[in-house]
Chemist: 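Okay, handing you the structure first.
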Amino acid sequence: MVSKEPALLSDLTNTRTIRQNPAMQVTDLCSVEELDVEHTVVCGQTFRWRQDVDRWWSCFLTESVTRRPFLVRLHFENGRVLCQADPNDLPCIRSYFRLEVDLAQLTEEFLGADPNIAPAVAAFPGLRVLRQDPVECLFSFLCTSAAPLHRIRKGIDGLCRLLGERHDGPLGEPHFAFPTPERIAETEIADLQALGVGYRARYLQATARQVVAHGGAPWLLALRDAPYEDAKAALLTLTGVGEKIADCVCLFCLDKDAAIPVDTHVRQIAERYYLQGAAPKSLTKNSYALIGDTIRNRFGPMAGWAQQYLFYADTFEKKAWSAYEAQYRCGVVGEPK
DNA sequence: ATGATACCTCC
DNA sequence: GAGGTATCA
């Protein structure tokens with residue numbers, strides 16, 4: 001599997017070089033009860049995090065307003081989350097993980113609203129919904145339709161390597177920023193398809209052109225200030241964006257905490273707990289809304305977070321964690337198992 | 001409005 | 001067949 005993509009070997013993050021970068025400092029970010037880094041970055045809301053050889057989790061993120069890329073590395077030790085980053089980037093990192101949300105209070109409210117969520121909350125304390133950069137979130141989720149996790153990660157990684165701005169570390173280790181809509185818009189469909197994203201290549205180019213026509217990244221970011229319904233409606237006009245992906249983008253980067261992305265897992269959960277007998281046979285526009293409304297009625301305006309606990313606990317049960325985790329290890333992206 | 005099918009790719 | 005969408009009946 002290594003011989004298939006030898007180029008990746010040279011791209012492994014050399015943690016020593018990062019430690020030698022004087023701008024990178026280790027900070028005590030918060031407690032592990034406040035943030036479970038590992039499950040938060042592998043629970044299906046973001047796809048570019050990886051575990052370096054020293055087991056620190058790392059990602060090359062983009063600040064949503066300034067479009068400035070920056071490196072983050074996180075690790076947990078003695079009940080604390082340690083953060084290795086440029087101190088100037090700490091506010092961005094706190095914002096990304098939405099540490100302003102009082103998770104203890106929120107999960108307490110969820111438990112009061114519905115005891116069915118107790119096992120999920122108990123299994124993953126510290127699991128959070130992110131505030132990602134909308135550009136990365138939208139174009140990432142365009143790659144997710146009917147695709148397994150390793151394919152999603154490979155496609156997104158390829159997209160960044162092909163079109164993302166390259167930033168070299170102190171000893172030349174490369175980091176690729178997520179590409180701009182403009183860059184994706186000017187790329188041939190065939191070149192995008194060569195990344196292994198299949199028919200989603202057409203969606204990437206079409207949506208990139210539509211976003212650029214609307215004003216680019218700032219237009220997407222402005223949806224954060226719009227009501228959920230308006231933001232979702234705007235996203236639904238984009239090619240390749242249906243209800244599920246629109247809700248993923250709303251929830252995972254636009255602060256729309258009531259958004260419920262409904263897939264087969266969430267549908268099964270809704271059937272099991274709330275809709276016995278009255279369960280819809282298929283996922284139509286109406287049944288999609290019914291399931292979302294059911295969960296919103298139960299958990300209120302932060303229902304999207306409740307959905308994430310229920311969803312992840314359900315999928316986690318079905319896959320052995322070791323097999324799951326292996327896809328993230330050592331930064332080797334793109335190869336399954 | 002609901003239901004069926006094709007669309008890339010690869011295990 | 002897979003964590004979905006566009007298209008057409």
Side-chain angles (χ1 to χ4, degrees), chain A residues 1 4-5 39-48 129-130 132 137-159 162 187-210 232-253 259-271 278-292 295 304 307-320 323-324 326-328 333-337:
Chain A
M1 95 180 198
K4 254 197 219 169
E5 307 196 30
H39 291 301
T40 294
V41 302
V42 306
C43 72
Q45 53 181 328
T46 185
F47 304 98
R48 243 152 51 87
V129 168
L130 297 171
Q132 299 180 59
C137 191
L138 170 61
F139 290 97
S140 291
F141 275 95
L142 275 179
C143 300
T144 64
S145 56
L149 181 61
H150 67 265
R151 181 149 309 287
I152 295 169
R153 281 173 58 82
K154 179 182 179 182
I156 293 171
D157 185 60
L159 193 63
L162 180 67
T187 305
E188 301 293 336
I189 292 178
D191 293 332
L192 295 171
Q193 197 156 312
L195 302 173
V197 295
Y199 59 83
R200 303 159 198 86
R202 199 185 113 245
Y203 298 162
L204 288 171
Q205 193 207 54
T207 280
R209 291 182 172 180
Q210 288 165 303
K232 182 170 177 179
L235 292 168
L236 284 173
T237 66
L238 303 170
T239 305
V241 178
E243 296 242 71
K244 158 70 161 52
I245 291 179
D247 274 326
C248 285
V249 175
C250 279
L251 181 61
F252 300 139
C253 73
I260 310 282
V262 180
D263 66 359
T264 64
H265 297 286
V266 173
R267 187 173 138 222
Q268 286 172 18
I269 292 165
E271 289 174 0
K281 302 157 201 63
S282 62
L283 223 45
T284 67
K285 186 152 172 37
N286 275 333
S287 60
Y288 187 101
L290 169 68
I291 291 169
I295 297 177
Q307 171 274 158
Q308 198 62 15
Y309 278 93
L310 293 169
F311 164 83
Y312 187 56
D314 190 69
T315 57
F316 188 88
E317 247 179 57
K318 294 171 181 170
K319 309 175 187 182
Y324 217 63
Q327 299 194 15
Y328 293 86
V333 172
E335 291 299 318
K337 295 180 199 96

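Just so it is clear: chains get the letters A, B, ... in the order the sequence lines come, proteins before strands, and each one is counted from 1.
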Chemist: Taking ring pair (Phe, Tyr, Trp, His ring centres under 6.0 Å) as the test, write out the residues that go with A:F311, two or more places apart.
Modeler: A:H265
Chemist: Can you check nucleotides 7-9 of chain C for protein contacts, nitrogen or oxygen pairs under 3.5 Å, and list what you find?
Modeler:
none

Chemist: Counting just side-chain N and O atoms, does A:T284 come under 4.0 Å of either OP1 or OP2 of B:dA1?
Modeler: no
Chemist: Under the rule for side chain to side chain contact (heavy atoms under 4.5 Å, CB included), what residues qualify as partners of A:T187, not counting sequence neighbours?
Modeler: A:L163, A:R183, A:D191, A:L192
Chemist: Can you name the residues that form a ring pair (Phe, Tyr, Trp, His ring centres under 6.0 Å) with A:F141, not counting sequence neighbours?
Modeler: A:F47, A:F252
Chemist: For A:D314, which residues count as a salt bridge (Lys or Arg N to Asp or Glu O under 4.0 Å) partner, sequence neighbours excluded?
Modeler: A:R272, A:K318
Chemist: So that I can compare with my own list, what are the stems of DNA chain C, taken as at least three consecutive Watson-Crick or G-U pairs with distances under 3.5 Å?
Modeler: B:3-7 with C:4-8
Chemist: Select base, sugar-phosphate, or nothing to describe what A:S287 touches, counting heavy atoms under 4.0 Å on all strands.
Modeler: nothing
Chemist: Apply salt bridge (Lys or Arg N to Asp or Glu O under 4.0 Å) to A:R267 and list each qualifying residue two or more places apart in sequence or on a separate chain.
Modeler: A:E271
Chemist: So what does A:L142 hit on the nucleic acid, given a heavy-atom distance under 4.0 Å: a base, only sugar-phosphate, or nothing?
Modeler: nothing
Chemist: Is there a residue in residues 240-249 of chain A whose heavy atoms reach under 4.0 Å of DNA chain C, and which residues are they?
Modeler: A:G240, A:V241, A:G242, A:E243, A:K244, A:I245
Chemist: What nitrogen or oxygen pairs link the protein and nucleotides 5-9 of chain B at under 3.5 Å?
Modeler:
{"from": "B:dC8", "atom 1": "O4'", "to": "A:Y199", "atom 2": "N", "distance (Å)": "2.9"}
{"from": "B:dC8", "atom 1": "O2", "to": "A:R200", "atom 2": "NH1", "distance (Å)": "3.1"}

Chemist: Run the side chain to side chain donor-acceptor pair (under 3.5 Å) test against A:T284 and tell me which residues pass, sequence neighbours left out.
Modeler: A:S287
Chemist: Under the side chain to side chain donor-acceptor pair (under 3.5 Å) rule, collect the residues that match up with A:Q45, sequence neighbours excluded.
Modeler: none
Chemist: Which residues pass the salt bridge (Lys or Arg N to Asp or Glu O under 4.0 Å) test with A:K232, not counting sequence neighbours?
Modeler: A:E243, A:D247
